[in-house]
Asker: 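What follows is a single structure, and I will ask about it in a moment.
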Amino acid sequence: MSNFEFLRKDKIKAIVKIQNLKTDEIYLLKSNDAVKSFKDERFKLDLGMHESSSLQKAYTDLGLELFIIEIDREVYSDESLDLLLLERTDYYKNNGFRFYE
């Protein structure tokens, strides 16, 4: 996320991506408030309590430096967050990315 996105007062509806820079594995989630989700995901990973055990293990083993948490795609007002998540998942699968479960 850029500094600008953290300064925005409105909620950013978006698909959030966590990416392992070493393996390129990714974890996608939909969010009605991307800034809050960014902070929540980082907090859970730092405390070792993320719901994805495979992501948590990789994060614990490799450390923060090898991960990016960012907005993958902001949702426009007329778009469905659920459909966009499916679209982005398909995009990454079709481009050879593996996913954390």
Side-chain angles (χ1 to χ4, degrees):
M1 294 187 114
S2 71
N3 290 335
F4 170 73
E5 289 167 332
F6 275 115
L7 297 174
R8 283 177 53 172
K9 302 248 186 260
D10 60 321
K11 292 182 179 178
I12 304 169
K13 199 172 165 185
I15 302 301
V16 175
K17 177 177 73 173
I18 302 173
Q19 183 173 358
N20 180 327
L21 297 174
K22 185 175 181 179
T23 66
D24 273 338
E25 287 176 277
I26 60 174
Y27 182 84
L28 296 177
L29 63 134
K30 59 185 180 177
S31 175
N32 286 308
D33 186 346
V35 173
K36 181 179 182 320
S37 292
F38 175 92
K39 292 174 186 176
D40 290 348
E41 295 299 305
R42 172 77 191 276
F43 181 75
K44 289 186 281 187
L45 287 165
D46 286 344
L47 288 180
M49 44 187 270
H50 198 275
E51 56 271 3
S52 169
S53 58
S54 57
L55 172 58
Q56 183 63 64
K57 181 174 179 354
Y59 184 88
T60 300
D61 291 348
L62 299 172
L64 169 65
E65 298 79 21
L66 290 176
F67 285 84
I68 294 175
I69 304 174
E70 64 185 356
I71 290 179
D72 180 65
R73 176 101 141 48
E74 191 168 339
V75 176
Y76 301 106
S77 60
D78 62 338
E79 289 182 301
S80 162
L81 201 49
D82 292 324
L83 289 176
L84 186 57
L85 179 60
L86 290 173
E87 176 188 302
R88 298 308 293 159
T89 299
D90 287 345
Y91 168 82
Y92 284 109
K93 283 182 180 177
N94 291 336
N95 284 285
F97 285 83
R98 293 180 299 145
F99 286 79
Y100 288 108
E101 296 180 22

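Since the model is a prediction, treat every value here as computed from it, not as a measurement.
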Asker: Among Gln56, Lys44, Glu41, exactly one meets side chain to side chain donor-acceptor pair (under 3.5 Å) together with His50. Which residue is that?
Answerer: Glu41

Asker: Roughly how far, to the nearest 0.5 Å, is the CG atom of Leu45 from the CG atom of Leu64?
Answerer: 9.0 Å

Asker: Regarding Asn20 and Tyr59, is there a side-chain donor-to-acceptor distance under 3.5 Å anywhere?
Answerer: no

Asker: Does Phe67 form a side chain to side chain contact (heavy atoms under 4.5 Å, CB included) with Arg42? I'd like the steps, not just the answer.
Answerer: CA-CA 10 Å; Phe67 285 84; Arg42 172 77 191 276; over 6 Å; no

Asker: What's the verdict on side chain to side chain contact (heavy atoms under 4.5 Å, CB included) for Glu79 and Arg73, showing C-alpha distance, side-chain angles and the deciding distance?
Answerer: CA-CA 11 Å; Glu79 289 182 301; Arg73 176 101 141 48; 3.0 Å; yes

Asker: Tell me which one of Ile71, Ile15, Leu29 satisfies side-chain contact (heavy atoms from CB on, under 4.5 Å) with Ser37.
Answerer: Leu29

Asker: What distance do Glu65 atom CD and Lys22 atom NZ have between them, rounded to the nearest 0.5 Å?
Answerer: 12.5 Å

Asker: Could you pull out the closest heavy-atom pair between Tyr100 and Ser52, with the gap in Å?
Answerer: CB-OG, 3.8 Å

Asker: Any non-hydrogen side-chain atom of Arg88 less than 4.5 Å from a side-chain atom of Lys17?
Answerer: no

Asker: Evaluate the side chain to side chain contact (heavy atoms under 4.5 Å, CB included) criterion for residues Thr23 and Arg98: first the C-alpha distance (whole Å), next the side-chain angles of each, then the deciding distance (0.1 Å), finally the verdict.
Answerer: CA-CA 9 Å; Thr23 66; Arg98 293 180 299 145; 4.0 Å; yes

Asker: Can you find a pair of side-chain heavy atoms, one from Lys30 and one from Leu84, that are under 4.5 Å apart?
Answerer: no

Asker: Where does the angle between the aromatic ring planes of Phe99 and Tyr92 fall among parallel (under 30°), tilted (30 to 60°) and perpendicular (over 60°)?
Answerer: perpendicular

Asker: Locate the shortest heavy-atom distance separating Asn32 from Leu81; write the atom from each residue and the value.
Answerer: OD1-CD2, 3.6 Å

Asker: Are Leu28 and Phe97 grouped together when hydrophobic residues (ILVMFWY) are joined by side-chain heavy atoms under 4.5 angstrom apart?
Answerer: yes

Asker: Does Leu85 share a hydrophobic cluster with Tyr91, counting links as ILVMFWY side-chain heavy atoms below 4.5 Å and allowing steps through other members?
Answerer: yes

Asker: Determine, using the 4.5 Å side-chain heavy-atom cutoff (strictly less than), whether Leu21 and Leu55 are members of one ILVMFWY cluster.
Answerer: no

Asker: Shortest non-hydrogen contact from Ile18 to Ile69?
Answerer: CG1-CG1, 3.9 Å

Asker: Once you round to the nearest 0.5 Å, how far does CD1 of Ile68 lie from CD1 of Ile26?
Answerer: 11.5 Å

Asker: With rounding to the nearest 0.5 angstrom, report the CD1 to CZ distance, Ile12 to Phe38.
Answerer: 11.5 Å

